[in-house]
Student: 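To start, I am sharing the structure in question, which I have written as structure tokens.
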Amino acid sequence: MFRRQIWFLLLLLAPGGGIFAQAVPTPLSHFGFELGTDRKLANWDQLTSYYEKVAKASPRVRVDTLGSSTMGRPFIMLTITSEVNQGRLEELKAVQAKLADPRRVQGPDDLNSLLDQGKTVVMITHGIHATEVGGPQMAARLVHRLASSNEEEVRDILENVIFLDIPSLNPDGLQWVVDWYNRWVGTEYESAPLPWLYHAYTGHDNNRDWYAFTQVETQLTVRAAHNVWHPQIVHDIHQMGSDGARIFFPPFIDPYEQNIDPALIAGVNQLGAYMAAELAADGMKGVVINNRYDGFTPARAYQHYHGGVRILSETASVGIASPITVGRDDLVGGRGLDATVSTWNFPWPWEGGEWGLPDIVDYMEAGAVALLNNAARNRRYWLENFFNINKRAVDGWDRWPEAWVIPANQDNETGLAYVLRILTTGDVEVHRAEAPFQADGVSFPAGSYVIPMHQPYASFAQTMLEIQHYPDLR
Ligand SMILES: [Zn+2]
């Protein structure tokens, strides 16, 4: 009898009427400090054990190990969505796969039903540059909020969005940087830089690998996340210099690369400007858009060739996790921006002063939540735009050829294998000719590789195979 009463009480107390097997552990209880505290950083061991606990306690969160990092650490992805959506994840993945390949959609009724059923798939990636420590700390705080809160905003996101969270694109670097920082914090060497590269092979250029796929972290993200889920929105969280704007969102500056769908570019503009507006509405100063970073290279933007928008955010850094003071006279804008003057793309200048990890994590979290809100509220727009982008690719663009042919019997077998590996990793369909054939008056032997340009990821093939000319901006 007594036990039954206790259960009854627990049911009443469970927020929103849901029954949680156990309470979602708070960051404070797990790490011993609030995430986003000056001079406090959680390392990868602590973060991954936290995610295991949260996934065990919350039916909204699952954690998958996609593989191992370069140095053998777990490379993980969280899938966060409502409990109902978690129960039909495979079905929702199948809906997304059809929207990603319009050849599989049978007419307007089929399309309408897919648009009704589908969810906006959002991927957020953190910490590829390991000294930019804010992202992975914020990630754990945001996961806790999404796993435990029953605010209307959170429920709306969970219902309409499948959120794929890669809490670190560089677990090795994260562990090294945090352990290094923790070793020297409180001494005269506090904030000293890590004296070796934060990615074993590529250092900072780990974020130039999204077309060559040379590193295991890139391969895991592309093969086990992008190509499985085809996200409509990808948000890559970074940090920049300390002495200008507090945070950057798109629109990017020109140029965009010429094979990116125009409606995709417009989607980037819409979403980035929306995020900036949400931060301004919260009174967060120093938000700049359209002032730096272009949209030219596939080396950073895999998704621009796979139907998804890429939102880059860059938050002003500190001394790793140690606060800094920026004097008003030391503020610099760059690219025509005066960091003390209000302009259309920088409406609310920050006046200078103290800036620390708590600010970084707050700004990042506000940006991520704004993005998830946009994804939830405009679910149908994101799905329709995604389908239309993929449809235009399948229909073929005027400036693209009917097909690319790579002749068989190449002397450079290694080079050929490398190109084919890039194309197929990028989800491009490559066929082999069963018999000799002629095209445009040229004879090709049997075994030649044919890449028809009426396929969803034709823009990736075109960008990889044609010569690129970066415009002279001087
Ligand atoms: Zn970065």
Side-chain angles (χ1 to χ4, degrees), residues 36 41 44 47 69-70 75 123-139 142 165-178 180-181 191 193-194 196-212 214-215 217-218 221-222 234-253 268 272 275 286-304 309-322 324 334-335 355-357 359-368 371:
L41 292 173
W44 191 234
L47 286 164
S69 70
T70 302
F75 189 90
M123 183 194 295
I124 302 187
T125 55
H126 309 259
I128 192 166
H129 295 147
T131 48
E132 301 164 12
V133 295
Q137 307 296 308
M138 182 280 279
L142 178 58
D165 195 17
I166 300 190
S168 173
L169 281 172
N170 181 9
D172 302 328
L174 190 160
Q175 187 82 14
W176 292 335
V177 167
V178 171
W180 176 261
Y181 178 81
S191 305
L194 186 74
W196 64 90
L197 290 177
Y198 55 57
H199 182 279
Y201 295 123
T202 51
H204 193 79
D205 286 346
N206 59 354
N207 199 32
R208 309 291 180 264
D209 194 33
W210 298 101
Y211 72 103
T214 64
Q215 303 303 303
E217 292 82 7
T218 324
T221 307
V222 166
V234 181
H235 180 189
D236 193 28
I237 295 183
H238 286 253
Q239 289 174 218
M240 60 182 176
S242 312
D243 51 4
R246 297 298 88 193
I247 196 166
F248 160 86
F249 297 123
F252 295 111
I253 56 170
V268 173
M275 293 162 75
V287 182
V288 72
I289 60 172
N290 190 237
N291 165 256
R292 57 198 77 183
Y293 309 112
D294 66 34
F296 193 83
T297 176
R300 287 197 297 257
Y302 180 81
Q303 53 279 18
H304 281 176
V309 302
R310 173 173 191 253
I311 297 296
L312 167 73
S313 70
E314 297 268 0
T315 306
S317 296
V318 292
I320 305 185
S322 302
I324 57 169
R335 296 195 64 87
W355 184 254
L357 186 62
D359 302 303
I360 292 176
V361 169
D362 285 350
Y363 271 60
M364 284 178 171
E365 186 173 341
L371 176 134

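The residues of the chain are indexed from 1 along the displayed sequence. In this text, all values refer to a predicted model and were calculated from it rather than measured experimentally. Hydrogens, waters and symmetry mates are skipped; everything else that's a heavy atom, side chains included, is used. Atoms within each ligand, like the ligands themselves, are counted from 1 in listed order.
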Student: Report the distance from atom OG1 of Thr218 to atom OH of Tyr211, rounding to the nearest 0.5 Å.
Tutor: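 So the gap between those two atoms works out to 11.0 Å.
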Student: Is any side-chain heavy atom of His126 closer than 4.5 Å to one of Ser168?
Tutor: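 No, too far: nothing below the 4.5 Å cut-off.
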Student: Please state whether the rings of His129 and Tyr198 are parallel, tilted or perpendicular, taking 30° and 60° as the class boundaries.
Tutor: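 Taking Tyr198 first and then His129, their aromatic rings sit tilted (interplane angle of 30° to 60°).
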Student: Assess Glu314: does it contribute an N, O or S atom lying under 2.8 Å from the Zn ion (ligand 1)?
Tutor: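 No - counting backbone and side chain alike, Glu314 has no N, O or S atom under 2.8 Å.
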Student: At less than 2.8 Å, would any N/O/S atom of His204, backbone or side chain, sit next to the Zn ion (ligand 1)?
Tutor: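 Within the cut-off used here (under 2.8 Å), His204 places no N, O or S atom near the Zn ion (ligand 1).
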Student: In sequence, state the C-alpha distance, the side-chain angles, and the governing distance for Arg310 and Asp236, and then conclude on salt bridge (charged side-chain N to carboxylate O under 4.0 Å, His left out).
Tutor: CA-CA 7 Å; Arg310 173 173 191 253; Asp236 193 28; 3.2 Å; yes
Student: Only N/O/S atoms count here: what is the atom of His238 closest to the Zn ion (ligand 1) called?
Tutor: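 Nearest to the Zn ion (ligand 1) within His238's N, O and S set: ND1.
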Student: Looking only at N, O or S atoms, find the one in His129 nearest to the Zn ion (ligand 1) and name it.
Tutor: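 Looking only at N, O and S atoms of His129, the one nearest the Zn ion (ligand 1) is named ND1.
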